[in-house]
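Have a look at the structure below before the remarks.
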Amino acid sequence: MMITPKMVDDFMSVNIETVDIGKLADISMLELDNSLPKENRLTYVLEKLKNPLCFRYGDMGIKLEFDDNAPPIQEVLTNFLIRKKSGL
């Protein structure tokens with residue numbers, strides 16, 4: 001499955017302040033299936049969550065947002081792990 005720009009716009013357009021939290025998929029119930037081929041995992045997650053950027057964990061609504069000017073997540077995690085390893 002390919003994620004289209006329209007899908008991303010739809011995912012991002014959800015207002016976490018006004019959405020009915022009860023209608024969001026509960027990520028705490030999501031069980032990842034590592035036996036699936038990598039090319040099928042995205043489809044599996046989309047089928048379960050419907051919106052991978054807006055979901056709930058129990059009674060808490062969560063919306064992921066990304067800053068276009070932020071460093072890549074790999075860089076942030078690498079720097080974090082380096083700091084942890086050095087005791088900072």
Side-chain angles (χ1 to χ4, degrees):
M1 168 178 254
M2 292 287 296
I3 296 179
T4 66
K6 166 94 170 84
M7 291 169 72
V8 173
D9 287 343
D10 291 345
F11 295 155
M12 293 174 54
S13 71
V14 175
N15 183 338
I16 194 67
E17 301 293 327
T18 59
V19 70
D20 180 354
I21 302 297
K23 291 185 178 179
L24 297 176
D26 188 349
I27 198 166
S28 68
M29 302 303 215
L30 180 66
E31 293 184 22
L32 298 177
D33 185 353
N34 290 330
S35 68
L36 288 173
K38 287 183 181 181
E39 58 273 7
N40 295 352
R41 293 179 187 177
L42 175 60
T43 301
Y44 175 81
V45 169
L46 287 175
E47 286 173 356
K48 300 293 182 186
L49 290 183
K50 308 298 184 222
N51 183 342
L53 299 182
C54 191
F55 45 85
R56 67 185 168 96
Y57 184 85
D59 294 331
M60 180 175 36
I62 299 169
K63 181 171 182 188
L64 301 178
E65 294 183 356
F66 300 93
D67 182 349
D68 290 337
N69 298 316
I73 189 71
Q74 295 89 343
E75 181 180 325
V76 172
L77 289 174
T78 299
N79 290 337
F80 170 75
L81 292 172
I82 289 170
R83 285 193 311 273
K84 290 299 271 185
K85 184 174 183 178
S86 66
L88 297 177

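These numbers come from a predicted model, not from an experiment.
- Leu64 and Ile16 fall into different hydrophobic clusters, where Ile, Leu, Val, Met, Phe, Trp and Tyr side chains are chained together by heavy-atom contacts under 4.5 Å.
- No continuous path of ILVMFWY side-chain contacts below 4.5 Å connects Tyr57 to Leu24, so the two sit in separate hydrophobic clusters.
- Contacts classified as salt bridge (Lys or Arg N to Asp or Glu O under 4.0 Å) and involving residues 62-78 (residues at least two apart or in different chains) are given here: Lys63-Glu65.
- Atom CE of Met7 is surrounded by more than 12 heavy atoms from other residues, nucleotides or ligands within 6.0 Å.
- Atom CG in Asn79 sits 14.0 Å away from atom NZ in Lys84 (nearest 0.5 Å).
- A side-chain hydrogen bond (donor to acceptor under 3.5 Å, both in side chains) check over residues 3-16, counting only residues at least two apart or in different chains, returns the pairs Lys6-Asp10.
- Once rounded to the nearest 0.5 Å, the distance linking CE of Met29 with CG of Leu49 reads 13.0 Å.
- Of the inter-residue distances, the one linking Phe55 atom CZ with Ile62 atom CD1 reads 5.0 Å to the nearest 0.5 angstrom.
- Sorted by first and then second residue, the pairs that involve residues 34-50 and meet side-chain hydrogen bond (donor to acceptor under 3.5 Å, both in side chains), not counting sequence neighbours, are Asp33-Ser35.
- With hydrophobic clusters built from ILVMFWY side chains whose heavy atoms lie under 4.5 angstrom apart, Phe66 does not share a cluster with Val76.
- Rounded to the nearest 0.5 angstrom, Ile21 CD1 and Asp26 CG are separated by 11.0 Å.
- If you take NZ on Lys85 and CZ on Phe80, they are separated by 14.0 Å, rounding to the nearest 0.5 Å.
- Under a hydrophobic-cluster definition in which Ile, Leu, Val, Met, Phe, Trp and Tyr are linked whenever side-chain heavy atoms come within less than 4.5 Å, directly or via other members, Val19 and Met60 are assigned to different clusters.
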(request) Apply the test side-chain contact (heavy atoms from CB on, under 4.5 Å) to residues Leu46 and Ile3: give CA-CA distance (whole Å), side-chain angles for both, the deciding distance (0.1 Å), then the verdict. (result) CA-CA 10 Å; Leu46 287 175; Ile3 296 179; 4.1 Å; yes
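- Note: Arg56 CZ to Asp20 CG = 9.5 Å, rounded to the nearest 0.5 Å.
- The nearest pair of heavy atoms linking Gly58 to Ser28 is N-OG, 4.2 Å.
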